Amino acid sequence: MGNVRAAFNEGDASATPRQSSDDALFERDSPIRMVHADIIGMMVGGIRSLFLQMLHPHALQGVLDFSNFREDMHGRLSRTAHFITDTTFAQRDIAMQAIERVNRIHSSVNGTLPDGTPYSARDPRTLAWVHVAEATSFLAAYLRHVRPDMPGHEQDEYYRQFALIAAALGADPVPTNRREAEAVFRELRDDLRTSPEAREVAQFVVAIRPEGAPVALQKAIMAESIALLPPFARSMLGLERPGLGGIPARAATWGAGKTLRWAFRQ
């Protein structure tokens, strides 16, 4: 279990885990806390989301210009996980501090695309794509691996709750239910572009093997992340949908998820 804990603490199994608070932005057992508490679902959804985000030229350029993802992809994913944890489960003051910290970082992330088009991490539409990529991915993984019968009204509440964080980060438009999420996803899809750089990052993500998590589990999570991508995204990134190997991958992630939900229960 130490290796698993290390995977969620930037390589340090002894690091103090984020504390769950009764004075968080969201109540205990509310949809967003149920979805974000599932570790395997969040890992699968997080990687799916990363693939989708790399198809947005502004989000991709920000990563290329300001991120050291090639040297510290695991740390980057862990910091993102900590932000989700802080804003979902931590005491509300800690949650707001995390949001303010990200807003400060985003204020200095700007530049130009290769064609001269300016970009900014504070652009509401770019932030909206990052958010809808995350929200749809986290929920899709949760529905697939944990609770396929999650009632529609709880799914809508998940979007409504997550929208509070997205709005605080400056995203617009922000969906507040399933219907709006589908509409925003369709609208913002027009902003996406394939590119050699996006495909390079995708292949880098596929090949990375961070320390801590078992290799077999990493491969299963990656296969599930790719399987959950929309066909257009797999095509644009040059990724192939897992064949028969996807069946044991799904079984492996389901089994690991069941174990981790017991070990990390809220």
Side-chain angles (χ1 to χ4, degrees), residues 1-13 15 35-55 60 63 67-82 84-85 133-134 136-148 194 196-264:
M1 191 58 65
N3 285 343
V4 176
R5 291 188 183 279
F8 291 91
N9 286 289
E10 300 178 11
D12 184 0
V35 172
H36 291 179
D38 187 75
I39 293 175
I40 294 297
M42 292 298 285
M43 292 176 71
V44 171
I47 295 174
R48 178 189 188 268
S49 170
L50 186 60
F51 284 136
L52 290 173
Q53 291 172 39
M54 292 305 96
L55 288 172
L60 173 62
V63 169
S67 172
N68 64 337
F69 72 93
R70 288 184 176 86
E71 293 77 28
D72 190 29
M73 176 61 79
H74 181 54
R76 183 179 188 276
L77 292 173
S78 294
R79 287 187 289 274
T80 299
H82 286 170
I84 294 293
T85 302
E134 290 182 344
T136 57
S137 295
F138 295 152
L139 185 58
Y142 184 75
L143 292 172
R144 180 174 173 90
H145 290 284
V146 183
R147 200 178 169 204
T194 188
E197 292 78 12
R199 291 188 171 210
E200 178 191 355
V201 173
Q203 290 303 320
F204 181 85
V205 172
V206 170
I208 196 169
R209 294 290 182 264
E211 297 180 2
V215 173
L217 178 59
Q218 293 177 37
K219 290 181 177 179
I221 288 171
M222 187 62 63
E224 277 295 279
S225 301
I226 295 172
L228 276 177
L229 280 171
F232 80 82
R234 286 198 299 270
S235 177
M236 292 174 74
L237 292 170
L239 299 173
E240 294 185 4
R241 180 182 177 87
L244 293 177
I247 297 175
R250 185 175 184 183
T253 51
W254 183 88
K258 185 176 181 181
T259 300
L260 291 175
R261 279 190 290 277
W262 174 83
F264 289 85

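One is the number of the first residue; the rest follow in order along the sequence. Just so it is clear, the model here is predicted, and its values are computed rather than measured.
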**Message:** Please give me the minimum heavy-atom distance between S235 and R199, naming the atom from each residue.
**Reply:** O-NH2, 3.0 Å

**Request:** For V44 and S225, work out which heavy atoms get closest and say how close.
**Result:** O-OG, 3.1 Å

**Message:** Return the CD to CE distance between Q218 and M43, rounded to the nearest 0.5 Å.
**Reply:** 7.5 Å

**Prompt:** Do V201 and L60 come within less than 4.5 Å of each other through their side chains, counting heavy atoms only?
**Reply:** yes

**Message:** Which heavy atom of G45 sits nearest to which heavy atom of S137, and what is that distance?
**Reply:** O-CB, 3.1 Å

**Complete:** Looking only at heavy atoms, the pair that brings L237 and A198 closest together is CD2-O, 3.8 Å

**Asked** Is the shortest heavy-atom distance from the side chain of R48 to the side chain of T136 under 4.5 Å?
**Response** yes

**Item:** Distance (rounded to the nearest 0.5 Å) between H145 NE2 and I221 CD1
**Value:** 9.0 Å

**Prompt:** Got a second to check how far I47's CD1 is from L228's CG, nearest 0.5 Å?
**Reply:** 11.0 Å

**side-chain contact (heavy atoms from CB on, under 4.5 Å) evaluation trace for I226 with V206** = CA-CA 9 Å; I226 295 172; V206 170; 4.2 Å; yes

**E134 versus I84, closest heavy-atom pair with distance** = OE1-CD1, 4.4 Å

**Asked** If you take all heavy atoms of A133 and L52, which pair is closest and at what distance?
**Response** CB-CB, 3.9 Å

**Request:** Given side-chain contact (heavy atoms from CB on, under 4.5 Å), test M222 with V205 step by step and report yes or no.
**Result:** CA-CA 9 Å; M222 187 62 63; V205 172; 4.1 Å; yes

